[in-house]
Novice: 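My questions all concern the structure below.
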Amino acid sequence: MDLFSSLKSDDPEDLSEVIRELTSLKELLNQYAYNYYVLDAPTVPDAEYDRLYKRLELLEYEYPQLLDPNSPTQRVGGAAVEAFESHRHAVPMLSLKTETNSESSGAENFDTRIRKELGLGPNAPLVEYIAELKFDGLAMNIRYEDGKLVRATTRGDGEFGEDVTHNIRTISQIPLELKINDAKLLTHPVIPRVLEVRGEVYMRLDDFQKLNERQRDKILKGAKGERTFVNPRNAAAGAVRQLDPRIAAERPLSFFAYGVGEVRWINDEQTNPQDLSSIFKTHKNLLDSLKALGFPVDSHAELVSGAQGLISYHQRMGQLRKNLPFDIDGVVYKLNDTTLQQKLGFITREPKWAVAHKYPAQEELTTVLGIEVQVGRTGKLTPVAKLSPVFVGGVTVTNATLHNQDEAQRKDVRVGDTVIVRRAGDVIPEVVSVLLDKRVGTPEPFKMPSNCPVCASLAVREEGEADFRCTGGLYCAAQRKQAFLHFAQRKALNIEDLGEKLVDQLVDTGTLKTLPDMYRLGLTSLITLERMAEKSASNVLASIERSKTTTLARFLFGLGIRHVGETTAKDLAKHYGSIDAVMSAEVEDLLSVKDVGPVVANSVRTFFDQPHNVEVVNQLRACGVSWSESAPNGSGSSNLELPLAGKTYVITGTLSRYSREDLKEQLESLGAKVSSSVSAKTTALIAGEAAGSKLTKAQELGILILGEDELEALLNFN
DNA sequence: CAGCCTCGAGTTCT
DNA sequence: CTCGAGGCTG
C-alpha cells in the first residue's frame, strides 16, 4: 500500500478508523522493539519496522490530537515521556462529519440531508444555519464550576482526554474566572453552576513566526533539545503538551470558543447534557453567551440561510483564508435552532446537525523521488525536486523548485526524504522543510553537477552569484530550445501553435538551428513529425507567417539578450527607433537610455559584437520579419498632455471584462505606466477577483484600490 | 552609500 | 507570484 497518498483524501475525520490503526501500529511496534532490543531476536526485517514506524509518525503528524506520550515515536533514548493524567469527558467530544467536496456540493449535500431529516418539502422556507471557521488547532474542553476554571482537557479520542490545565491557565485569552460582561447577551444572566466551554487552542501566524525565530536563535547559540516547528498547529500542540508550564507560557497561544460540553446553569438542574435547547434556543444564543462570559468568539461566525447562504460563506471565507492571521482548514455549518438539533440527534459519534466543509490542505507530506537539474534559457541550472504525487492546495503536485544549490543545501533536501510541501502564495509549490527524523539511512546531500546535464559543457558559478550556468550557450540543446520558445512567446513574436513539444522535436531533429530557420520551415518537414498532420502543420505555418509583421520592441525582446526584458526592449525601441541604431550604439550612448545602467548596456553591446547575432538579425529581416521603424526619440518623454501621464498602475487578480494585456495597452495609450509591483509610488491598484499579496500590500500602504467598475469610469472619462 | 523602486527570470498546473 | 539584482534617488 502507498504510505503517503491514502490519508486525508478518503475520510479525514473518521477518527475511530484512525484510532484503530494507531492502536494496532503501536502494539505491533512495541512488540517488535521488545523482540529486537530485549530478546535480541528480531521477528521482522528492519525495513518492515521502518515502514510501520513511518506510517505511525505520519498519522501522528496528521492527527496531533491523538498523539500518545507513550507512543514508540515519543521515546527519547528508550524512556517514554511522562504522561499526562487522563480524564473522562462528562459529555463526549464528538467529531464532525467532513465534506471535502469542492465548491457547492458539500454545502448542498448538507442542506439536502437536513431538509429531508426535518421533513421539509421543496416549498418550505429556508433553513437557518450558523457558519463558522474551522480553526486548525487543538480542540479543548475547559470546565468551570461556580465560575472558576477547574480543568482543561484535550479532545484525546473523544471519550478520554489529557489534563493540560497547567498550560491552558497560561493562555491570557482564557478567563480563569467567569465574569458577566454583557448580561443582555445571556439567556441566564447568572454565573452557571457548571459550564464546559469548548473551543480551539491555536497559534497565530505572526506568533508562530516569532516563536520559530526565537527557537532558531536558541539553536544557533547551542541550546540542546530545542527545535523549530513545521506549522502553527504542531507548535500549538507542542506548547499544550509541555510538562513545564513556564515553557508553555513562552509559546503564545490563542483561543476561540465555539461550543459547550456539560452545562448546568442552575444548581439543581439535571438536564440531558446533550440537549441544550432548554438553555440556549439557538447556536447564535450560545455563541453570544460565551462572548458575554468573556470568551473570545471569532467574528467571522455568521447566520446564513439555506444552501445558497452556506455556499456563499464557503466561497467568501475561501477567498479570505490567505489573509487571515491564523490557519483554518475549512468552515463548519451548524443548524442554528437547538430544538431542531435535538430532534436530529446523533449518528454513532457524530451530530447529524453539523458538518465540516474543508478546503484543500495547503500543506502535505510527501517523499522526494529524485532531484533533477533543469537548464533554463540563460543556461541557469535549477535543481527541481521530483515528488511522489500529492494533492495540495487543490492540485496534484509532482515538482517543486529548489531554486539553486545554496537553497537546496540550506533546506538539505535529499533523495528519499519525507518533506512538507506547500503551495506558497497562490500557485507555486514549495518544499517547506525536511522531516529529518524520518530520514532513512544517510542519502547523499545534493550537489550541483559540474557539467551541464544536457550538453555536458562545464557549469560555472560566477563570483558572487547564486546560480550555476551552463557555458554551452546555443551549443546546448536546452538553451537553444528555450531561445526558440522565448522568441515565439506571446510577448515577443507571438507565434501561436509553436509549443514546447514541437520545438523539442524540431531541435532534436536538427531542423531548427538558428532563429531564421523557423521562417524556412516547409510543410513537408513538419508532416514527418509526430502528432503533426497536414491540418496542424498548415496552422503552424500560418502562425509563423502572421508573426512576420511585428514591432521593434517585440523583436528586440524576442532576441533574448540578457537583462533585456519586455520593458527594457520597449525603452530601447523608443529611444533608437531602428534596429540598426540599436546594433551600432556604443556603451556610453546606451547608458543615456532611461533605466539602462552599465550591466544592461554592456550586455546589449556584447550581444551585437557577436557576428553570428548580427547575422541572425539580418537573416530574420531577409526572411520577411518587419516592423515600422520610427524616428529616434532620444530624450524619451513627450506625452505630458495625455490624460493619465505620470500615473502608475498595477494590475492584480483576474479581471472579467478585460484581458490584462489589453488593459495594459489601453492605459499606456493614455500615457499611464503599468508596473508589476506595488510601492509608495503607485497611483492605484486595479484589483480583480482573487487578488493576493499585492492587494494586501496596497492596503498596508494605503494605496487607492480600483475595482472593475471604477476602472471603467476611469477609462471612459478620459 | 543605503534603501527604495522596478524589472528580469524562473516556475507549476489545468 | 517571488526572488534577486540593476538602477536611481536622497
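We use all heavy atoms of the structure for the numbers below, so side chains are in, but hydrogens, waters and symmetry mates are not. Keep in mind it's a predicted model, so treat the numbers as computed, not measured.
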Novice: Mind checking whether A:Phe326 and A:His300 have parallel, tilted or perpendicular rings, split at 30° and 60°?
Specialist: perpendicular

Novice: Salt-bridged, A:Lys481 to A:Asp508, with N to O below 4.0 Å?
Specialist: yes

Novice: Choosing from B:dG8, B:dT6, C:dG7, which nucleotide comes nearest the side chain of A:Pro598?
Specialist: C:dG7

Novice: Using a 4.0 Å heavy-atom cut-off, does A:Lys491 contact any base of the nucleic acid, only the sugar-phosphate backbone, or nothing at all?
Specialist: nothing

Novice: Quick one: is B:dT6 close enough that its OP1 or OP2 comes under 4.0 Å of any side-chain N or O from A:Thr567?
Specialist: no

Novice: Return whichever of A:His403 or A:Asp595 has its heavy-atom-nearest nucleotide of DNA chain C closer to the 5' end.
Specialist: A:His403

Novice: Would you say the side-chain atoms of A:Asp571 and A:Tyr576 include a donor-acceptor pair closer than 3.5 Å?
Specialist: no

Novice: Measuring to OP1 and OP2 of B:dG10, would you say a side-chain N or O of A:Gln374 lies under 4.0 angstrom away?
Specialist: no

Novice: When you get a sec, tell me which of B:dT14, C:dG7, B:dT6 is the closest nucleotide to the side chain of A:Thr396?
Specialist: B:dT14

Novice: Rounded to whole Å, please give me the gap between NZ in A:Lys380 and P in C:dA5.
Specialist: 10 Å

Novice: Using a strict threshold of under 4.0 Å (side-chain N to carboxylate O), is an ion pair present between A:Glu566 and A:Lys664?
Specialist: yes

Novice: Look at A:Thr398 and B:dT12 and indicate whether a side-chain polar atom (N or O) is within less than 4.0 Å of OP1 or OP2.
Specialist: no

Novice: Applying the side chain to side chain donor-acceptor pair (under 3.5 Å) criterion to A:Thr378, which one of A:His486, A:Arg469, A:Arg562 satisfies it?
Specialist: A:Arg469

Novice: Can you find a side chain N or O atom of A:Thr382 that sits less than 4.0 Å from OP1 or OP2 on B:dT11?
Specialist: yes

Novice: Whole Å only: how far is the CZ atom of A:Arg562 from the P atom of B:dA9?
Specialist: 8 Å

Novice: Counting side-chain heavy atoms from C-beta on, which of B:dC5, B:dG10, B:dC13 comes nearest to A:Ser679?
Specialist: B:dC5

Novice: Does A:Ser603 place a side-chain N or O at less than 4.0 Å from the phosphate oxygens OP1/OP2 of C:dG6?
Specialist: no

Novice: At 4.0 Å (heavy atoms only), tell me whether A:Ser676 reaches a base, stays on the sugar-phosphate, or touches nothing.
Specialist: base

Novice: Is the phosphate of B:dG10 approached by A:Thr378 (side-chain N or O, under 4.0 Å from OP1 or OP2)?
Specialist: yes

Novice: Base, sugar-phosphate alone, or nothing: which one does A:Ser677 contact when heavy atoms must sit under 4.0 Å apart?
Specialist: base

Novice: Between B:dC7, C:dG6, B:dC13, which one does the side chain of A:Asn399 approach most closely?
Specialist: B:dC13

